[in-house]
Chemist: 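Handing you this structure, nothing more for now.
Just so it is clear, the structure is predicted and the values come from calculations on it, not from any experiment. Ligands are counted one by one from 1 in listed order, and the atoms in each one are counted from 1 as well.
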Amino acid sequence: MITLGIETSCDETALAIIETKQSGTKTECRVLSSLIHSQAELHSAYGGVFPALAKREHGKNLVPLLHKLLLEAAPYMTTTKNICDDSFESFLAELNTIVAPQNPELYESFTSAEFVKNIPNIDRIAVTQGPGLEPALWVGITFAKILSDLWSIPVIPVDHMEGHIIGSLIRSDIANGVWHEILDVQFPCLALLISGGHTEIVQVDNIGKYKILGRTLDDAVGEAYDKVARLLGLQYPGGPHLSLLADEARKFGISIETKLPRPMISSDNLDFSFSGLKTAVLYAVRSAPRAENGELDRDWKLGLAREFEDAVSDTLRTKLKKAVEQTSATSLIIGGGVSANSYLRRMFEEVSKEFSLRLFLPSKHVSGDNALMIALAGSFMTMQSQNTPIKAQGTKSLSQIF
Ligand code: KG4
Ligand code: ZN
């Protein structure tokens, strides 16, 4: 089965085509093409993601990205039939009344999308329906519906967080077109989701069967990284920049006396809270040593980044250990953008070793938002949702749908 994945929940416009097959108990997958267009640079001027800009950019990017995607996937796919000019013209006229008023950029780029007249042998479309920024989600959903009408194939709504769980099971270091086994994971297993919007410990009983064991009560880990990075004068998205400073501090043995809190570390439950950590950094920055030009002292900044990362690492480690002790999990899946962090990756490896867990870490280039994970999650879904109207679910979280 060939699935097209569409991801527009935040500031990445991403598309992917994958093929999956079942042989006995094995599930195999091959990536035909996967592309990500990041808008991060545009949003950095605003210090965070600006929803109206994200919506506009997705509208502009989706059609050219699809063109490139289909060209890359072409060696592995066939084109069955073509849509005649007249049908395509009437289709565009329909789009003009339905799509143009809400999504002028998407409509505009579709008018030059001659290539979509060739129907590729894609079986279904999987699109992120949430959680995420609602205006951004709607562009992806609208795009999915247009293609579904044009190519007469179903659309499957996918939960972004489930995508992060399933996406970590793909071997993305394998070249396009090469079949490989996926989902070689024993259930129940544990998943730790650490992204810009979520921090959750999830018990995964099977694909589609999830139980949230703990979650953040306020800020997500990625959000804390981004906010602290901003306090240190770093660019959005701050997570990667902040972690580079912490790496440098460790390399040169730089540390500061300030000790940051390890929030909720001794609580019995598996919940998190990161907003106090951010506030502690805010106070520390106010009384921090500064250079003559008023900028934060560089060594202090490095030391603070290191201490922040230690506080995050200690907190995640403690809660993970608690979760492992409470469950009979033998595998650990890490998902979400923050899982690109090298220091945290080493900590996850240590915990896995200590508890003899099989660790599933996404390759760094697919730890952030991508459409591969959406396509794969969509390929596992039953077709029951085919006739259900799809609605963007801005704030929905994994626990509310399963
Ligand atoms: O999963 P993701 O791409 O988007 C959401 O669904 O939120 O996660 C983005 C988050 C951002 O907060 C970003 O700063 C953080 O992941 N991030 C990192 C690193 N790379 C990305 N945080 C810490 N260290 C990193 N290396
Ligand atoms: Zn994400």
Chemist: Specify the protein heavy atom at minimum distance from atom 4 (O) of ligand 1: its residue, its atom name, and the distance to 0.1 Å.
Modeler: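 For atom 4 (O) of ligand 1, the nearest protein heavy atom is Asp369 OD2, 3.1 Å.
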Chemist: Flag the pair Glu248 and Arg306 as a salt bridge only when some basic side-chain nitrogen lies within less than 4.0 angstrom of an acidic carboxylate oxygen.
Modeler: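 No, no charged N to carboxylate O under 4.0 Å.
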Chemist: Return yes or no for this condition: an N or O of His164 is under 3.5 Å from an N or O of ligand 1.
Modeler: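 The answer is yes, given that His164 and ligand 1 share an N or O pair closer than 3.5 Å.
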Chemist: Does Gly197 have a heavy atom less than 4.0 Å from any atom of ligand 1?
Modeler: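 A heavy atom of Gly197 does come that close to ligand 1.
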Chemist: If I consider every N, O or S atom in Asp369, which one ends up closest to the Zn ion (ligand 2)? I only need its name.
Modeler: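 Per the distance ranking, Asp369 contributes OD1 as its closest N/O/S atom to the Zn ion (ligand 2).
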Chemist: Could you see which bit of Val338 sits under 4.0 Å from ligand 1, with heavy atoms only: side chain, backbone, both or neither?
Modeler: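 The answer is both.
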Chemist: Report yes if Gly222 has an N/O atom closer than 3.5 Å to an N/O atom of ligand 1; otherwise report no.
Modeler: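 Looking only at distances, the answer is yes, because the N/O contact criterion of under 3.5 Å is met.
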Chemist: Suppose you place the vertex at the Zn ion (ligand 2); what is the angle out to His164 NE2 and His160 NE2, to 10°?
Modeler: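 NE2 of His164, the Zn ion (ligand 2) and NE2 of His160 span an angle of about 100°.
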Chemist: I'd like to know if Lys322 pairs up with Glu325 as an ion pair, taking the criterion as any Lys NZ or Arg NE/NH1/NH2 lying under 4.0 Å from an Asp or Glu carboxylate oxygen.
Modeler: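 Between Glu325 and Lys322 there is no salt bridge, as every charged N stays at least 4.0 Å from the carboxylate O atoms.
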Chemist: Taking it one step at a time, do Phe308 and Tyr225 satisfy ring-ring contact (aromatic ring centres under 6.0 Å, His included)?
Modeler: CA-CA 9 Å; Phe308 170 78; Tyr225 261 98; 5.0 Å; yes
Chemist: Could you tell me whether His43 and Phe50 have their ring centroids closer than 6.0 angstrom?
Modeler: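 So the answer is no for these two rings.
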Chemist: Yes or no on side-chain contact (heavy atoms from CB on, under 4.5 Å) for Leu62 and Phe110, after CA distance, side-chain angles and deciding distance?
Modeler: CA-CA 9 Å; Leu62 278 167; Phe110 238 100; over 6 Å; no
Chemist: Minimum distance, heavy atoms only, to atom 18 (C) of ligand 1: which one of Pro131, Gly239, Ala220 is it?
Modeler: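 Answer by nearest heavy atom: Gly239.
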Chemist: If you draw a 6.0 Å radius around CZ in Arg298, do more than 12 non-hydrogen atoms from other residues or ligands fall strictly inside?
Modeler: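 Atom CZ in Arg298 is not crowded, with 12 or fewer foreign heavy atoms closer than 6.0 Å.
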Chemist: Please say whether Asp226 places an N or O atom under 3.5 Å from an N or O atom belonging to ligand 1.
Modeler: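 It does: an N or O of Asp226 is found under 3.5 Å from an N or O of ligand 1.
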Chemist: Counting both backbone and side chain atoms, is some N or O of Gly368 under 3.5 Å from an N or O of ligand 1?
Modeler: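 In this structure, Gly368 places no N or O atom under 3.5 Å from an N or O of ligand 1.
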Chemist: Is a side-chain donor-acceptor pair under 3.5 Å present for Thr27 with Gln22?
Modeler: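 Yes.
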Chemist: Considering only heavy atoms of Gly196, which atoms of ligand 1 have at least one such atom less than 4.0 Å away?
Modeler: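 Checking each atom against Gly196, I get 5 (C), 7 (O), 8 (O), 9 (C), 10 (C), 12 (O).
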Chemist: Within the structure, does Gly337 bring an N/O atom to less than 3.5 angstrom of an N/O atom in ligand 1?
Modeler: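 Between Gly337 and ligand 1, an N or O pair is found under 3.5 Å apart.
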Chemist: Between Trp179 and Lys21, is there a cation-pi geometry (under 6.0 Å to ring centre, at most 45° from the normal)?
Modeler: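 Flagged: Lys21 positioned over aromatic ring of Trp179.
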Chemist: Tell me the nearest of Asn341, Ile194, Leu244 to atom 26 (N) of ligand 1, using heavy-atom distances.
Modeler: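 Nearest heavy atom to atom 26 (N) of ligand 1 lies in Asn341.
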Chemist: Could you go through Glu19 and Arg30, starting from their C-alpha distance and side-chain angles, then the distance that decides it, and tell me whether this counts as salt bridge (Lys or Arg N to Asp or Glu O under 4.0 Å)?
Modeler: CA-CA 5 Å; Glu19 188 170 5; Arg30 64 175 183 163; 3.0 Å; yes
Chemist: Do any N/O atoms on Gly336 end up under 3.5 angstrom from N/O atoms on ligand 1?
Modeler: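 There is no such contact.
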Chemist: Judged by non-hydrogen atoms, does His160 sit under 4.0 Å from ligand 1?
Modeler: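 Within the 4.0 Å threshold, so yes.
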Chemist: Which residues pass the salt bridge (charged side-chain N to carboxylate O under 4.0 Å, His left out) test with Glu94, not counting sequence neighbours?
Modeler: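 Once residues adjacent in sequence are excluded, Glu94 has no partner under the salt bridge (charged side-chain N to carboxylate O under 4.0 Å, His left out) criterion.
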